[in-house]
**Q** 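First, the structure itself, so that you have it in front of you.
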Amino acid sequence: MLRRTDWLLNLVCTMLSVCTVMFLGSALTVPCFGYGLGPPLGACVNMWPSHGIDAQSTDPPYTITVSKDTYTAGEQLTVFVNTTDMYPEIQFFEGLMIQARRAKCDHVHYQDAVGSFTLEGGEDFLGLLNCQGGVNSTVAHRAHDHIYNRTFTWIAPSTSVGHVYFRGTIVRRKITFWTTLKSAFIRDTSDSSTPESCYVQTKLANTVTNAANIRILSNISVLVSIVIWWFRI
């Protein structure tokens, strides 16, 4: 039969092991955007590749251009993603995520992807995601490769959603990425309002992870207090 001290030590080791696994799990389970089969659906809203670091603060060395600067409901526009000569050492990208969004920042759905995309025949780098309930509403990589440009088609919604712009996150390498890539405004011919370019996150937000870690550390503190009390009685 185990002595009280042996039983207690076994209990402490077990609980600390569990807490350690939970702590490491909360710190390491972040969506990987830039490799593998592409970004997860959890990245649809903030388009943020959570690698534990901030996005680049410089201007993106990539561009999104569109075949027209206006659109009508149901119209098809060609979208081009290209590298630039801004940084000669950066001549490719390995991952991307592109959406069309409303250019009205106080709209309740300003973060929703609007319209849908189609890809060119034989495309083996890009795929389509159904973000925020929209079918094929997002273009994203689905393979790992060095890419210099891509072309695809955007189909405007069948009813007016106002002015839009294309927003993108592009990954040069796993820990080098830009979240602020934007096209010029594509104006809705039926809308007379002024388009707006909405805020884009560039700093890592660890609120959820930190909250989980604080809870785990709190549990460890409680455990230590119990151990101290036990040995004093």
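One-based numbering along the sequence shown.
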**Q** Is there a path from Ile155 to Val81 through hydrophobic residues (I, L, V, M, F, W, Y) whose side chains come within less than 4.5 Å of each other?
**A**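 No, no single cluster joins them.
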**Q** Among residues at least two apart in sequence or on other chains, which ones pass side chain to side chain contact (heavy atoms under 4.5 Å, CB included) with Ser183?
**A**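 Residues passing side chain to side chain contact (heavy atoms under 4.5 Å, CB included) with Ser183: Ile64, Val66, Tyr165, Phe166.
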**Q** Could you walk me through whether Phe152 and Ile98 pass the side-chain contact (heavy atoms from CB on, under 4.5 Å) test, one step at a time?
**A** CA-CA 11 Å; Phe152 39 88; Ile98 306 287; 4.2 Å; yes
**Q** Would a hydrophobic clustering, with Ile, Leu, Val, Met, Phe, Trp and Tyr connected at side-chain separations under 4.5 Å, put Val200 with Phe177?
**A**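 Val200 does not cluster with Phe177.
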**Q** Please list all pairs meeting disulfide (SG to SG under 2.5 Å) that have one or both residues in residues 130-173, counting only residues at least two apart or in different chains.
**A**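 Residue pairs passing disulfide (SG to SG under 2.5 Å), neighbours aside: Cys44-Cys131.
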**Q** So Phe117 and Thr153, do their side chains get closer than 4.5 Å, heavy atoms only?
**A**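 A side-chain contact is absent here, since even the closest heavy-atom pair is not under 4.5 Å.
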**Q** With side chains defined as the heavy atoms from C-beta onward, is the minimum distance between Thr202 and Asp54 less than 4.5 Å?
**A**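 Side chain of Thr202 against side chain of Asp54, heavy atoms only: no contact under 4.5 Å found.
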**Q** Working to the nearest 0.5 angstrom, can you tell me the gap between Leu41 CG and Leu129 CG?
**A**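 So the gap between those two atoms works out to 6.0 Å.
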**Q** Suppose we screen for side chain to side chain donor-acceptor pair (under 3.5 Å). Which residues come up paired with Thr58, at least two apart in sequence or across chains?
**A**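 Side chain to side chain donor-acceptor pair (under 3.5 Å) check on Thr58 returns Trp178.
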**Q** For the hydrophobic clusters of this structure (ILVMFWY residues joined by side-chain heavy atoms under 4.5 Å, transitively), does one cluster hold both Tyr62 and Phe80?
**A**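 Different clusters.
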**Q** What do the steps show when you test Thr151 against Glu120 for side-chain contact (heavy atoms from CB on, under 4.5 Å), and what is the final call?
**A** CA-CA 7 Å; Thr151 301; Glu120 294 185 329; 3.8 Å; yes
**Q** Taking salt bridge (Lys or Arg N to Asp or Glu O under 4.0 Å) as the cut-off, I'd like each qualifying pair that reaches into residues 38-48, sequence neighbours left out, listed once.
**A**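 Sorted result for residues 38-48: empty, none.
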**Q** Got a sec, which residues hit side chain to side chain donor-acceptor pair (under 3.5 Å) with Arg150, two or more places apart in sequence or on another chain?
**A**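 Per chain and number, Arg150 pairs via side chain to side chain donor-acceptor pair (under 3.5 Å) with Glu123.
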**Q** With salt bridge (Lys or Arg N to Asp or Glu O under 4.0 Å) as the rule and sequence neighbours excluded, what pairs involving residues 63-76 come up?
**A**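 Applying salt bridge (Lys or Arg N to Asp or Glu O under 4.0 Å) to every pair that reaches into residues 63-76, excluding sequence neighbours, yields Lys68-Glu75.
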**Q** Tell me every residue that passes side chain to side chain donor-acceptor pair (under 3.5 Å) with Arg101, counting only those two or more places apart in sequence or in another chain.
**A**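 For Arg101 the side chain to side chain donor-acceptor pair (under 3.5 Å) partners, ignoring immediate neighbours, are Gln99.
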**Q** May I ask you to test the Arg172-Glu94 pair for a side-chain heavy-atom distance under 4.5 Å?
**A**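 The answer is no, as the side chains (C-beta and beyond) never meet within the 4.5 Å cut-off.
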**Q** Which atom pairs, donor and acceptor, lie under 3.5 Å between side-chain atoms of residues 104-114 and protein residues at least two apart or in another chain?
**A**
| unit_1 | atom_1 | unit_2 | atom_2 | d |
| --- | --- | --- | --- | --- |
| His107 | ND1 | His109 | N | 2.9 |
| His109 | ND1 | Asp112 | OD2 | 3.1 |

**Q** Is any side-chain heavy atom of Met97 less than 4.5 Å from a side-chain heavy atom of Val139?
**A**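 No, side chains not in contact.
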**Q** Not counting sequence neighbours, which residues clear side chain to side chain contact (heavy atoms under 4.5 Å, CB included) with Asn149? List them please.
**A**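 Applying side chain to side chain contact (heavy atoms under 4.5 Å, CB included) to Asn149 gives Asn82.
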**Q** Sequence neighbours left out, what passes side chain to side chain contact (heavy atoms under 4.5 Å, CB included) with Asp59? Give chain and number order.
**A**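 With neighbours one apart ignored, the set is Met86.
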**Q** List for me each residue that meets side chain to side chain donor-acceptor pair (under 3.5 Å) alongside Ser197, sequence neighbours excluded, and say none if there are none.
**A**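 Side chain to side chain donor-acceptor pair (under 3.5 Å) check on Ser197 returns Lys182.
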**Q** State, to 0.1 Å, how close Arg173 and Phe92 come at their nearest heavy-atom pair, and which atoms those are.
**A**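 Heavy-atom minimum between the residues: NH2-CZ, 3.8 Å.
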**Q** Could you check Thr169 against Thr180 for side-chain contact (heavy atoms from CB on, under 4.5 Å), going step by step and ending with a plain yes or no?
**A** CA-CA 7 Å; Thr169 292; Thr180 55; over 6 Å; no
**Q** Could you go step by step and tell me if Tyr71 and Asp188 meet the side-chain contact (heavy atoms from CB on, under 4.5 Å) rule?
**A** CA-CA 5 Å; Tyr71 81 94; Asp188 182 340; 3.6 Å; yes
**Q** Do the side chain of Thr84 and the main chain of Pro61 share a donor and acceptor less than 3.5 angstrom apart?
**A**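 Side chain of Thr84 to backbone of Pro61: a pair is present.
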**Q** Do Thr118 and Asn136 come within less than 4.5 Å of each other through their side chains, counting heavy atoms only?
**A**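 Thr118 vs Asn136: side chains apart.
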**Q** If we only count heavy atoms from C-beta on, is the Thr176 to Gln56 side-chain gap below 4.5 Å?
**A**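 Yes. Closest side-chain heavy atoms under 4.5 Å.
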**Q** Give every residue pair that meets the ring-ring contact (aromatic ring centres under 6.0 Å, His included) criterion with at least one member in residues 120-140, sequence neighbours excluded.
**A**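 Passing the test, one end in residues 120-140: no pairs.
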**Q** If hydrophobic clusters are built from ILVMFWY residues whose side chains come within less than 4.5 Å, do Ile175 and Val171 share one?
**A**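 Yes, Ile175 and Val171 fall within the same hydrophobic cluster.
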**Q** With heavy-atom distances below 4.5 Å as the criterion, would you say the side chains of Ser116 and Ser137 are in contact?
**A**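 No; the side chains remain at least 4.5 Å from each other.
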**Q** Would you say Val79 ends up clustered with Phe185 if hydrophobic residues are merged whenever their side chains have heavy atoms under 4.5 Å apart, either directly or through other cluster members?
**A**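 Each belongs to a different hydrophobic cluster.
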**Q** Taking side chain as C-beta onward, heavy atoms only, is Arg102 less than 4.5 Å from Pro195?
**A**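 Side-chain contact under 4.5 Å: no.
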